[in-house]
2 protein chains.
Amino acid sequence: MEILIDTDSAEPIFGQLISQIKQLINSDAIQPGFQLPSIRQLATDLGINQNTVAKAYKLLERDAVIVSKGYRGTFIHPQAKQNCLVDHSQQARLLLSQTIGQLRELGLTDSEIRLQFAELLKDRTLVEPV
Amino acid sequence: MEILIDTDSAEPIFGQLISQIKQLINSDAIQPGFQLPSIRQLATDLGINQNTVAKAYKLLERDAVIVSKGYRGTFIHPQAKQNCLVDHSQQARLLLSQTIGQLRELGLTDSEIRLQFAELLKDRTLVEPV
DNA sequence: ACATGTACCACACGATCTAGTAGTACATAT
DNA sequence: ATATGTACTACTAGATCGTGTGGTACATGT
């Protein structure tokens, strides 16, 4: 499994990791069930921080591209290739654009919308019911 | 009509104007039909910029607290006292909190939500249908 | 000619916030 | 003891935003 990191790139490292891992899956270089290197292993190999790798893995797992099995390691998800194409941003775009449109119709200033949004986003109770 | 501006205050000048004008209305110091000083007049009286006064007036008119009658001047709105209490932020809060909750349930990161939001807010076509 | 509200633009200062990364520590299970 | 994923804090550079200002221009109606 070959991954190259460009520290000078504008794209963040964890983003490069995600892109390249997805590409390896799409090109069938690695297939479902394949065990990925551990977070520490990959981090030291690439000369980057563990948290950076952990972040990439976490996002990949959220999108069901890989699966973490705790101390046993991390593996390619059975439907990895299919899930690589899912775009969560699409749904977000739709929901948000509708909301913004409504708020603007109410006459709210963009500044006011921004302010409310920033405050609400700090509030974690919006998804976990306390 | 006495208005005092504290340049050293953390609250922006246009905010101080809005607050104090609302308070004058609530305390019956000025009543519906009362003619407010013109933008230029108030600006020079307080030693602040015209645009700052214009901004305050504009927001007050949006919330139906005052009414601009063009070259004839600006007046206190008939239902000013009542409209002083209307909080547009309330509706915004509700709409936004619902949307944010849904996006989080989808598993989206706050970073991702923020990004989408920032991009969409730049798009003015969301309310004006081109 | 004059005063009114309104609408732009551009700029600068300051404050705030965010992303990205790094370091460290922890619980688990072999 | 060792390896795994995970969670927390902290830091720094950079971007972003708001505010206020200044200037100019316009249409309106007296």
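Below, chain A is the first sequence line, B the second, and so on; all start at residue 1.
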- Message: Just to be sure I understand the rule, does B:F14 reach a base, reach only the sugar-phosphate, or reach nothing, if contact means heavy atoms closer than 4.0 Å?
- Response: sugar-phosphate
- Rounding to a whole Å, what distance do you find between A:R40:CZ and C:dT24:C1'? 11 Å
- Would you say D:dA3 has OP1 or OP2 under 4.0 Å from some side-chain N or O of A:S38? no
- Message: Under 4.0 Å, heavy atoms only, any strand: does A:R114 hit a base, just the sugar-phosphate, or nothing?
- Response: sugar-phosphate
- Task: Write down the distance between CD1 (A:I13) and P (C:dT21), rounded to a whole number of angstrom.
- Result: 4 Å
- Message: Measuring to OP1 and OP2 of D:dG5, would you say a side-chain N or O of A:S68 lies under 4.0 angstrom away?
- Response: no
- Message: Go nucleotide by nucleotide along DNA chain C from the 5' end; which of A:Q50 and B:S111 gets its closest nucleotide reached first?
- Response: B:S111
- Integer-rounded Å distance: C:dT6 C1' and B:K55 NZ: 15 Å
- Task: Measure the distance from CD on B:Q116 to P on C:dA19 and round it to the nearest whole Å.
- Result: 13 Å
- How close or far is atom C1' of D:dA3 from atom CG of A:L36, stated in whole angstroms? 16 Å
- Comparing B:E112 with B:K69, nearest DNA chain C nucleotide closer to 5' gives the residue B:K69
- Message: Counting distance alone, no hydrogens or angles: does the base of D:dG22 have a donor or acceptor under 3.5 Å from a partner atom on the side chain of B:N51?
- Response: yes
- Figure out the CD1/P separation between B:I39 and D:dG23, and round it to whole Å. 18 Å
- Query: Between C:dG5 atom C1' and B:K58 atom NZ, what is the distance in whole Å?
  - Reply: 11 Å
- Measure from CG on A:D8 to C1' on C:dG20 and round the result to the nearest Å. 15 Å
- Query: OP1 or OP2 of D:dT30 less than 4.0 angstrom from a side-chain nitrogen or oxygen of B:Y71, does that happen here?
  - Reply: yes
- Should B:T74 be listed as having a side-chain N or O under 4.0 Å from OP1 or OP2 of C:dG5? yes
- Look at all strands and tell whether B:E61 reaches a base, only sugar-phosphate, or nothing, counting heavy atoms closer than 4.0 Å. sugar-phosphate
